[in-house]
Number of protein chains: 2
Amino acid sequence: MNEPEIHTTDYEAALREAGVRITRPRRVILGILADMGDHPDAMEIFQRAVAIDSGISLSTVYRTMKLLEGIGAIHRHAFAGGPSRFEPAVGEHHDHLIDIDTGDVIEFQSDKIEELQNEIAHRLGYEIVHHRFEIYGRKRKKR
Amino acid sequence: MNEPEIHTTDYEAALREAGVRITRPRRVILGILADMGDHPDAMEIFQRAVAIDSGISLSTVYRTMKLLEGIGAIHRHAFAGGPSRFEPAVGEHHDHLIDIDTGDVIEFQSDKIEELQNEIAHRLGYEIVHHRFEIYGRKRKKR
DNA sequence: ATGCAGTTGCAAATGATTTGCAACTGCATT
DNA sequence: AATGCAGTTGCAAATCATTTGCAACTGCAT
């Protein structure tokens with residue numbers, strides 16, 4: 001009964017800790033977050049939520065995402081010209097490669113980057129809070 | 001007549017090459033870009049432009065930024081919850097450290113990052129178009 | 001000097017996100 | 001289990017950034 005998986009209850013615990021109420025809409029959204037493998041935007045999360053409980057409003061999705069972002073449970077990614085996309089802040093930090101033709105988001109992880117950011121921030125007299133490394137690329141066609 | 005500096009005329013040459021007209025509003029905006037040392041958003045550029053020529057509209061600023069971005073003359077940076085900020089795409093590529101308390105943007109350059117992105121993109125079967133590396137940090141207080 | 005396709009300013013439209021407010025509901029307390 | 005009320009919610013309207021339709025204007029090739 002202690003799988004290394006993420007469950008709604010983990011988020012609930014985090015929320016309780018943050019001193020907020022576990023309401024019906026929040027439980028639904030938490031459930032969606034728990035098993036999303038992609039990086040949906042607020043509207044997409046809203047649609048999934050409505051499919052589960054038609055009474056949920058888009059405002060609540062936005063409010064909940066902001067709340068979760070505030071307690072560090074999710075990360076927000078801002079893309080130029082589009083809505084923010086979210087992903088659970090769970091496990092190892094990773095970065096993204098965005099396919100500029102298809103919009104696909106590929107995750108990758110590199111210890112060197114983690115090192116590098118520390119080195120650079122230190123050199124500039126800063127303490128890192130977080131970083132973002134995104135590569136925008138196009139699939140290399142095999143020939 | 002070939003200084004390594006950036007002048008309005010350099011942008012003009014790039015625009016002409018792209019087959020667009022050099023109009024009065026564009027010349028004003030180009031002039032602003034030529035000597036901006038910061039990373040202003042469209043509204044800020046608009047205000048500087050109006051100070052030079054009161055007839056310029058915000059739409060034109062947006063249209064021009066999009067145009068310049070398209071020909072690669074400037075870079076757009078999207079920040080969560082705020083407007084896009086622009087900077088001339090001139091010289092060596094650099095990345096940013098954002099001070100999360102003050103919003104200051106500090107530029108830095110690292111060859112290692114350039115290497116790393118190539119390595120990673122290659123590993124994933126992609127060809128890099130561009131990348132973005134941002135460190136969000138807080139000033140380390142000296143003790 | 002002339003013509004017209006490329007540009008512009010303005011206002012209205014769009015898209016993402018936030019907010020005011022009155023009704024509702026967790027949940028700590030009886 | 002019933003009570004009270006501060007935290008939440010849904011809805012609609014507001015806000016912010018950005019885009020777009022359109023008629024008037026203007027570079028610039030001729």
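Side chains are part of it too, since the values below use all heavy atoms of this structure and drop only hydrogens, waters and symmetry mates. Naming convention: chains lettered A, B, ... in sequence-line order (proteins, then strands); numbering from 1 in each chain.
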Give a yes/no answer on whether the side chain of Arg26(A) brings an N or O atom under 4.0 Å of OP1 or OP2 in dT9(D).
-> yes
Phosphate oxygens OP1/OP2 of dT17(C): is one of them under 4.0 Å from a side-chain N or O of Tyr62(A)?
-> yes
Partners of [X] by ring-ring contact (aromatic ring centres under 6.0 Å, His included), sequence neighbours excluded?
X: Phe133(B); result: His131(A), Phe133(A)
X: His96(A); result: His39(A), His77(A), His94(A)
X: Tyr62(B); result: none
X: His122(B); result: none

Spacing of Asp95(A) atom CG and Ile113(A) atom CD1 [to the nearest 0.5 Å] | 5.0 Å
Figure out the [atom1]/[atom2] separation between [X] and [N], and round it to whole Å.
X: Leu58(A); N: dT17(C); atom1: CG; atom2: P; value: 9 Å
X: Met43(B); N: dT19(D); atom1: CE; atom2: C1'; value: 14 Å
X: Phe46(B); N: dA17(D); atom1: CZ; atom2: C1'; value: 14 Å
X: Asp53(A); N: dT8(D); atom1: CG; atom2: P; value: 18 Å
X: Leu15(B); N: dT7(C); atom1: CG; atom2: C1'; value: 13 Å

Those residues that, when tested against [X], pass side-chain contact (heavy atoms from CB on, under 4.5 Å) (two or more places apart):
X: Ala78(A); answer: Arg132(A), Ala80(B)
X: Ile52(B); answer: Val28(B), Ile32(B)
X: Arg21(A); answer: Thr23(A), Arg26(A)
X: Leu124(B); answer: Leu97(A), Ile106(A), Phe108(A), Ile120(B), Tyr126(B)

Secondary-structure stems for DNA chain D, with pairs counted as Watson-Crick or G-U when both distances are under 3.5 Å and runs at least 3 long = C:1-30 with D:1-30
Base-contact (B) and sugar-phosphate-only (S) positions in nucleotides 21-30 of chain D, heavy-atom cut-off under 4.0 Å, - elsewhere | B----BBS--
DNA chain D-proximal residues of residues 64-85 of chain A, any heavy atom under 4.0 Å = none
Quick one: salt bridge (charged side-chain N to carboxylate O under 4.0 Å, His left out) pairs with a partner in residues 65-74 of chain A, sequence neighbours left out?
-> Glu69(A)-Arg76(A)
Between Glu44(B) and Pro40(B) the two heavy atoms that sit nearest each other are OE1-CA, 3.0 Å
